[in-house]
Amino acid sequence: MRIFRLIMIVALACYLPLTVNAQPGDSLQVAPFTPRVNVKMSALAAIGIVNPAVEFRLDKKWSMQLEGMGVFAGNNFLGTGYPLQMGAFFVEGRYYFKQVFHGFFVAPNVGAGAFRLNKNILHKFFGWSPDLNYKKSENSVQTGANIMGGLTLGYVHTFKKNPRWSVEVNWSLGRQWARYEDHLYDENGTPTGHVPVNGSAEYMPFYRGGIFVAYKW
């Protein structure tokens with residue numbers, strides 16, 4: 001009898017805490033999933049742009065994101081005929097109108113990077129921007145570094161059946177400032193000279209963004 005009473009006491013001690021939040025006729029209440037970290041990879045990886053990101057919850061509507069970007073097209077990026085090699089890092093503060101990791105958001109961001117490219121590639125993609133109406137020699141490469149600042153607009157869709165997974169679409173626009181060297185070549189690729197110091201500043205209608213697949217915990 002003593003053993004039976006001991007078993008009953010232990011069973012009641014385990015059962016009672018589980019029923020504190022339950023109402024008559026309701027099933028057991030489960031605490032909502034509240035993620036703290038969101039890890040992402042951009043679908044742009046399919047075209048050779050490596051773009052991982054990690055987002056951290058700060059408050060109900062605020063988060064901070066750290067993001068890296070790498071492009072490694074030596075001579076012909078997306079059929080343009082121009083090289084594009086670059087690495088960049090961004091820090092972004094996000095405000096969600098609904099709650100973190102859900103719905104629409106706006107986010108100021110800053111970034112820095114290093115590059116090797118022919119700047120005509122910017123005119124190729126964004127020639128309608130007044131700041132990008134210039135031409136470099138077709139047989140030249142610009143190498144240098146830049147800083148960027150702007151605003152991101154985006155939307156996050158979380159899957160109801162598995163809230164750990166989501167899809168995000170975002171678009172960043174702003175301004176960039178660069179310092180670089182011009183390396184000149186002839187038609188055979190032989191170096192013919194270079195301009196040691198040059199610089200520029202442009203409004204960029206798009207300098208980062210895309211479609212991201214994300215996993216939260």
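Just so it is clear, the model here is predicted, and its values are computed rather than measured. Sequence positions, counted from 1, serve as the residue numbers for this chain.
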Using residues 43-53 as the side-chain source, report each donor-acceptor pair under 3.5 Å to any protein atom, sequence neighbours left out, with the distance given to one decimal.
{"from": "N51", "atom 1": "ND2", "to": "E67", "atom 2": "OE2", "distance (Å)": "2.9"}
{"from": "N51", "atom 1": "ND2", "to": "G68", "atom 2": "O", "distance (Å)": "2.7"}

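In this structure, the side chains of V106 and L153 come closer than 4.5 Å at one or more pairs of heavy atoms. Considering only heavy atoms from C-beta on, L173 stays 4.5 Å or farther from F206 through its side chain. Contact of the W217 side chain with the V39 side chain is registered, since non-hydrogen atoms from C-beta on lie closer than 4.5 Å. Using a 4.5 Å cut-off on side-chain heavy atoms (C-beta onward), F89 and L66 make contact. Annotation: side chain of D182 is not in contact with side chain of H194 (no heavy-atom distance under 4.5 Å). T158 has its side chain within reach of H102: a pair of non-hydrogen atoms, C-beta onward, lies under 4.5 Å apart. Taking the side chain as every heavy atom from C-beta outward, R57 and N38 never approach each other to under 4.5 Å. Counting heavy atoms from C-beta on, the side chains of F159 and V167 come closer than 4.5 Å.
Here the straight-line distance linking atom OG of S172 with atom OH of Y207 works out to 5.0 Å at 0.5 Å rounding. The line from CD of Q85 to CZ of F77 is 11.5 Å long, rounded to the nearest 0.5 Å. Here the straight-line distance linking atom NZ of K40 with atom CD1 of I211 works out to 13.5 Å at 0.5 Å rounding. Residue T192 holds its OG1 atom at 6.5 Å from CG of D186, rounded to the nearest 0.5 Å. Separation of atoms OH (Y82) and CG (L117) is listed at 11.5 Å; rounding is to 0.5 Å. The OG1 atom of T143 lies 7.5 Å from the CZ atom of F115; values are rounded to the nearest 0.5 Å.
Between E92 and R208 there is a salt bridge, since at least one side-chain N of the basic residue sits less than 4.0 Å from a carboxylate O of the acidic one. Taking 4.0 Å as the cut-off between side-chain N and carboxylate O, E202 and R175 do not count as a salt-bridged pair.
The number of heavy-atom neighbours closer than 6.0 Å to CG of N76, taken from other residues, nucleotides and ligands shown, is above 12.
Here F105 and Y96 bring their ring centres to under 6.0 angstrom of each other.
Side chain to side chain, H157 and S166 fail the donor-acceptor criterion of an N or O pair below 3.5 Å. Side-chain polar atoms of S63 and E55 form a donor-acceptor pair below 3.5 angstrom. Defined by atom type and a distance below 3.5 Å, a donor-acceptor pair is missing between the side-chain atoms of S140 and K119. Between the side chains of T152 and N109, at least one donor N or O sits under 3.5 Å from an acceptor N or O. Counted by atom type alone, E138 and N120 present one or more donor-acceptor pairs between their side chains at under 3.5 Å.
A88 and M148 get closest at one heavy-atom pair: CB-CE, 4.3 Å. Nearest heavy-atom pair across G74 and R116 is O-NH1, 3.5 Å. In terms of heavy atoms, S200 sits closest to Y180 at OG-CE2, 3.9 Å. For P83 against V141, the heavy-atom pair with the smallest separation is CG-CG2, 4.3 Å. In plain terms, the two heavy atoms of P196 and E181 that are nearest each other are O-CG, 2.7 Å.
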Practice task
Decide ring-ring contact (aromatic ring centres under 6.0 Å, His included) for F104 and Y155; before the verdict, give the C-alpha distance in whole Å, the side-chain angles of both, and the deciding distance to 0.1 Å.
Solution key: CA-CA 4 Å; F104 290 99; Y155 178 81; 4.7 Å; yes
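The stretch residues 44-54 participates, sequence neighbours left out, in no salt bridge (charged side-chain N to carboxylate O under 4.0 Å, His left out) pair at all.
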